2 protein chains.
Amino acid sequence: MPVRADAQRNAARVLAAARRAVAANGLDVSYHEIAREAGVGVGTVYRRYPERDQLMAAVLSDILTELIDTAHQALDCDDAWEGFSSLFSGLVLRTAQNAGLSGSLDQHGGPAVAQQRHELLDLTRRVIERAQGQGRLRRDLAWQEVLRLTGAPAVRGCVLGLEPDPANGHHVVLTVLLDGLRTG
Amino acid sequence: MPVRADAQRNAARVLAAARRAVAANGLDVSYHEIAREAGVGVGTVYRRYPERDQLMAAVLSDILTELIDTAHQALDCDDAWEGFSSLFSGLVLRTAQNAGLSGSLDQHGGPAVAQQRHELLDLTRRVIERAQGQGRLRRDLAWQEVLRLTGAPAVRGCVLGLEPDPANGHHVVLTVLLDGLRTG
DNA sequence: AAATAAACGGACCAATCTTGTCCGTTTCCT
DNA sequence: AGGAAACGGACAAGATTGGTCCGTTTATTT
């Protein structure tokens with residue numbers, strides 16, 4: 001017996017809702033919240049993901065898949081700096097969109113997720129080191145340090161309470177960071 | 001009758017605990033949490049700050065006082081770039097330490113806090129514009145945009161889950177940002 | 001040292017939120 | 001049409017949170 005059509009549709013809705021909820025409020029969203037957001041009953045969410053870990057793994061895997069795709073595109077790019085900056089921008093964007101996750105991404109998810117994370121890290125390292133090798137990217141930073149910078153624009157505010165301008169807030173930080181990273 | 005010695009001591013403990021708690025978890029810490037952190041009973045906290053706004057105003061004022069002091073020092077500095085970068089570093093540090101506040105700093109606190117905030121913003125603007133006027137700081141950013149950058153290193157993680165290295169994580173971001181901001 | 005009043009602590013209550021289950025009803029597929 | 005799979009949301013149990021109240025402790029005064 002194949003998967004029922006409504007079950008499939010609801011599964012997709014739940015995953016999407018979970019992604020939205022997690023992105024906004026972090027990993028500890030309640031199942032009821034997700035169900036409401038998805039427009040289904042709680043029972044449906046619990047039936048699909050009896051364990052919380054399974055749900056989180058699904059969400060993380062979903063995000064990582066997108067990022068891996070971005071990284072592949074960057075590596076295909078002929079110009080090393082262009083590839084790097086596009087990947088960097090992409091990571092910045094995704095990080096900002098999923099700001100709620102904070103640093104909790106590396107603690108969760110099963111081996112499959114760990115595998116994806118490893119793949120993404122490897123691709124990213126290659127993109128960074130290629131740009132450094134061609135003298136386009138400053139060499140005094142380890143690739144992990146460069147990578148860590150992608151989190152910078154995701155901040156939601158600062159001590160002074162100046163709300164980041166959603167329109168170009170990221171853009172400004174991104175510009176300054178790239179200018180600080182570029183060589184020659 | 002003067003203020004009793006233990007009352008004074010406890011008030012200080014509560015304020016310190018509130019600062020720590022707010023810095024870590026944001027403005028919506030529970031009174032019970034603060035009391036536990038301070039090592040006093042809840043009653044003591046409620047007695048000292050019957051209204052939540054009063055407590056938050058006290059915390060914010062405490063933080064702002066420190067920042068204003070830093071800003072004054074920066075303005076006293078002879079070298080415009082040195083003054084700017086030291087203020088920038090100071091703001092980065094404070095922002096990171098109070099990461100939990102996110103952008104909620106400008107919504108709260110009474111008129112007294114608003115006054116302090118205004119003073120800090122004015123000082124900061126002068127530091128930035130002086131550095132720009134002397135051609136040491138790039139001019140294509142408004143002072144508000146420059147200011148917003150101080151939030152960047154405060155991020156706690158990124159999509160990739162690389163935990164910022166507490167030892168020099170801030171340092172790396174700071175270096176790149178300053179290199180991206182410096183002129184000539 | 002004794003008296004007094006201020007300050008304390010934490011048990012306690014009510015309201016809210018979260019997890020997780022269960023079963024009568026609906027929906028899909030044959 | 002009929003049966004199984006999936007649904008939804010009421011419900012119970014436990015955890016949190018805001019806030020009060022009163023018996024006990026502690027600082028100060030005389």
Side-chain angles (χ1 to χ4, degrees), chain A residues 1-60 62 98 100-102 104 107-110, chain B residues 1-60 62 98 100-102 104 107-110:
Chain A
M1 176 152 319
V3 183
R4 260 174 56 169
D6 56 345
Q8 209 166 342
R9 191 195 58 217
N10 279 337
R13 281 187 187 170
V14 167
L15 183 58
R19 268 202 63 163
R20 258 174 288 143
V22 163
N25 305 325
L27 249 20
D28 51 352
V29 254
S30 78
Y31 268 40
H32 281 77
E33 171 66 24
I34 294 172
R36 202 179 316 129
E37 182 82 19
V40 303
V42 252
T44 301
V45 183
Y46 275 104
R47 202 174 311 110
R48 182 73 188 77
Y49 299 104
E51 302 291 334
R52 194 181 186 75
D53 286 352
Q54 297 170 8
L55 173 56
M56 291 315 159
V59 169
L60 297 185
D62 207 45
N98 300 292
L101 287 95
S102 288
S104 44
Q107 309 288 1
H108 302 80
Chain B
M1 175 155 315
V3 183
R4 263 174 54 168
D6 55 346
Q8 211 166 342
R9 192 195 57 218
N10 279 337
R13 282 188 187 171
V14 167
L15 184 58
R19 268 202 62 164
R20 259 174 289 143
V22 163
N25 305 323
L27 247 20
D28 52 354
V29 255
S30 78
Y31 269 39
H32 282 79
E33 170 68 24
I34 293 172
R36 201 179 316 131
E37 182 82 19
V40 304
V42 252
T44 301
V45 182
Y46 276 103
R47 203 175 312 109
R48 182 72 188 79
Y49 300 103
E51 302 292 334
R52 177 169 266 277
D53 285 352
Q54 297 171 7
L55 173 56
M56 291 315 158
V59 169
L60 297 185
D62 207 44
N98 300 292
L101 287 94
S102 288
S104 44
Q107 309 288 0
H108 302 80

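Fair warning: this is a prediction, and the values are worked out from it, not measured in the lab. Chain A is the first sequence line, chain B the second, and so forth, proteins listed ahead of strands; every chain is numbered from 1.
Taking atom CZ of A:R47 as the reference point, atom P of C:dT19 lies 17 Å away to the nearest angstrom. If you take CD of A:E37 and P of C:dT18, they are 14 Å apart, rounded to a whole angstrom. One can place CG of A:L27 at 17 Å from C1' of C:dT19, the figure rounded to the nearest angstrom. Atom pair B:Y31:OH and C:dA11:C1' shows a separation of 20 Å (rounding to whole Å applied). B:E33 places its CD atom 16 Å from the P atom of D:dG19, with the value rounded to the nearest Å. The separation between A:D28 atom CG and C:dC17 atom P is 15 Å, rounded to whole Å. One atom, NE2 of B:H32, and another, P of D:dT20, lie 12 Å apart when rounded to the nearest Å. In this entry the distance linking OH of B:Y49 with C1' of D:dT20 reads 20 Å, nearest Å.
Residues B:S30 and B:R52 share a closest heavy-atom pair of CA-NH2, 4.2 Å. Heavy-atom minimum distance, A:A38 versus A:A17: CB-CB, 3.5 Å.
If you check every strand for non-hydrogen atoms under 4.0 Å, B:Y46 touches a base. B:R36 comes within 4.0 angstrom of nothing in the nucleic acid, heavy atoms only.
For the pair B:R48 and C:dC8, the criterion of a side-chain N or O lying under 4.0 Å from OP1 or OP2 is not met. Residue A:T44 places at least one side-chain N or O under 4.0 Å from the OP1 or OP2 atom of D:dG8.
If you take CE on A:M56 and CD on A:E51, they are separated by 12.0 Å, rounding to the nearest 0.5 Å. Between atom CZ of residue B:R13 and atom CG of residue B:D6 there is a gap of 10.0 Å, rounded to the nearest 0.5 Å. For the atom pair CZ (A:R47) and CG (A:N10), the distance works out to 9.0 Å, reported to the nearest 0.5 Å. Expressed to the nearest 0.5 Å, how far CG of B:L27 lies from CG of B:L60 amounts to 6.0 Å. Distance check: A:N98 CG to A:R19 CZ gives 5.5 Å after rounding to the nearest 0.5 Å. The CG atom of B:N25 lies 9.0 Å from the CD atom of B:E37; values are rounded to the nearest 0.5 Å.
Listed by residue number, B:D6, B:A7, B:N10 are the residues of residues 5-18 of chain B with a heavy-atom contact under 4.0 Å to DNA chain C.
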Considering only nitrogen or oxygen atoms on both sides, find all protein atoms under 3.5 Å from nucleotides 12-15 of chain D and state each distance.
none

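Residue A:V29 is the one, among A:G43 and A:V29, whose nearest nucleotide of DNA chain C lies closer to the 5' end (criterion: closest heavy atom).
Looking only at distances, no side-chain donor or acceptor of A:Y46 sits under 3.5 Å from a matching main-chain atom of A:Y31.
Applying the 3.5 Å distance criterion, the base of D:dA5 shares a donor-acceptor pair with the side chain of A:R4.
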